A.B. asks: 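My questions will all concern the structure given below.
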Amino acid sequence: MPYAYEGPATVTVMALYMGQEPNELTTLELLVVLSNAGPRIARIEYGRYLQGPKDANALRVVLPDGRLLHGPIIDGRNDPDGGWLEFEVKDHDLGRVLPANLSWKWV
């Protein structure tokens, strides 16, 4: 399956429950592979243990270009030597990230 992005990202693992203060832990510059896992479902894979709050249920991924993906965690696995998480995304197209159309010229 083609990936949408591969490289460093800011990943925040969150525990969001009604009536409780949000609990979150952010990992900066985590090397990830982001891919489309189905309609409105994104998947990140990473090569080390991802820290997060107990009973985490949501994920936020910020790519270097500022693109933000976030939503509830659907499934995943987090082992000492890496893992993966699938999460719902809304209003995002996770097709291949292509370079911007550079229509200007340096004069």
Side-chain angles (χ1 to χ4, degrees):
M1 172 187 301
Y3 61 87
Y5 172 79
E6 183 173 7
T10 299
V11 178
T12 303
V13 181
M14 301 172 282
L16 304 174
Y17 293 96
M18 192 172 254
Q20 296 179 14
E21 289 292 317
N23 187 5
E24 59 185 54
L25 187 60
T26 299
T27 303
L28 303 173
E29 306 265 328
L30 179 66
L31 294 177
V32 300
V33 174
L34 175 68
S35 59
N36 185 340
R40 302 172 85 182
I41 299 173
R43 177 183 174 110
I44 65 165
E45 298 175 34
Y46 43 91
R48 65 181 180 92
Y49 184 79
L50 182 59
Q51 297 287 333
K54 183 179 179 188
D55 299 325
N57 63 352
L59 191 67
R60 179 173 56 230
V61 178
V62 181
L63 302 180
D65 67 0
R67 194 169 359 175
L68 169 70
L69 302 158
H70 62 93
I73 296 171
I74 299 170
D75 198 4
R77 182 174 177 164
N78 195 24
D79 293 324
D81 58 348
W84 57 274
L85 289 170
E86 289 183 355
F87 59 106
E88 289 183 29
V89 292
K90 296 185 175 37
D91 301 322
H92 294 284
D93 177 13
L94 288 178
R96 271 187 204 268
V97 175
L98 300 175
N101 181 8
L102 301 177
S103 59
W104 57 272
K105 291 184 181 179
W106 185 262
V107 185

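As the structure is a prediction and not an experimental result, all values here were calculated from the model.
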A.B. asks: Looking only at heavy atoms, what is the nearest atom pair of Ile73 and Phe87, with distance?
C.D. replies: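 The pair with the smallest heavy-atom distance is CA-CB, 4.0 Å.
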A.B. asks: Quick one: does Trp84's side chain get under 4.5 Å of Val33's, heavy atoms only?
C.D. replies: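 They are not in contact (no side-chain heavy atoms under 4.5 Å apart), so the answer is no.
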A.B. asks: Within the distance-only criterion (no hydrogens, no angle test), does the side chain of Asn23 pair as donor or acceptor with the backbone N or O of Ala15 below 3.5 angstrom?
C.D. replies: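 No, because the side chain of Asn23 does not come within donor-acceptor range (under 3.5 Å) of the backbone of Ala15.
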A.B. asks: When rounded to the nearest 0.5 angstrom, what distance separates CD1 in Ile44 from CG in Leu69?
C.D. replies: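 The CD1 atom of Ile44 sits 10.0 Å away from the CG atom of Leu69.
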A.B. asks: Measuring from atom OG1 of Thr12 to atom CG of Leu59, what distance do you get when rounded to the nearest 0.5 angstrom?
C.D. replies: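 Reported value, rounded in 0.5 Å steps: 8.0 Å.
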A.B. asks: Could you report the tightest heavy-atom contact between Tyr46 and Arg77, atom names first, then the distance?
C.D. replies: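 Shortest heavy-atom separation between Tyr46 and Arg77 comes out as OH-O, 3.4 Å.
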A.B. asks: Dump the intermediate steps for side-chain contact (heavy atoms from CB on, under 4.5 Å) on Arg67 and Leu34, then the final yes or no.
C.D. replies: CA-CA 12 Å; Arg67 194 169 359 175; Leu34 175 68; over 6 Å; no
A.B. asks: Please name all residues satisfying side chain to side chain donor-acceptor pair (under 3.5 Å) with Glu24, sequence neighbours left out, ordered by chain then number.
C.D. replies: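 Counting only residues at least two positions away or on another chain, Glu24 forms a side chain to side chain donor-acceptor pair (under 3.5 Å) with Arg60.
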A.B. asks: Is there a donor-acceptor contact under 3.5 Å from the side chain of Asn57 to the main chain of Leu16?
C.D. replies: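 Between the backbone of Leu16 and the side chain of Asn57 there is a qualifying donor-acceptor contact (under 3.5 Å).
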A.B. asks: Could you grab the distance from atom OH of Tyr17 to atom CG of Asp55, nearest 0.5 Å is fine?
C.D. replies: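 With rounding to 0.5 Å, OH (Tyr17) is 5.0 Å from CG (Asp55).
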A.B. asks: I need the minimum non-hydrogen distance between Pro8 and Leu31, along with the two atoms involved.
C.D. replies: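 For Pro8 versus Leu31, the nearest heavy atoms are N-CD2, 3.8 Å.
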A.B. asks: How close do Glu88 and Ile74 get, counting heavy atoms only, and between which atoms?
C.D. replies: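 Of all heavy-atom pairs spanning Glu88 and Ile74, the closest is CG-CD1, 3.4 Å.
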A.B. asks: If every non-hydrogen atom of Ala37 is compared with every non-hydrogen atom of Glu86, which pair is closest and at what distance?
C.D. replies: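 Scanning both residues, the minimum pair turns out to be CB-OE2, 3.9 Å.
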A.B. asks: Answer whether the closest heavy-atom distance between the side chains of Thr27 and Arg48 falls below 4.5 Å.
C.D. replies: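 Contact flag for Thr27/Arg48 side chains = yes.
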A.B. asks: State, to 0.1 Å, how close Asn78 and Leu50 come at their nearest heavy-atom pair, and which atoms those are.
C.D. replies: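 Nearest heavy atoms, Asn78 then Leu50: ND2-O, 2.8 Å.
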A.B. asks: Checking one residue: Leu28. Which other hydrophobic residues are in its cluster under the side-chain 4.5 Å linking rule?
C.D. replies: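 None; Leu28 is a cluster of one.
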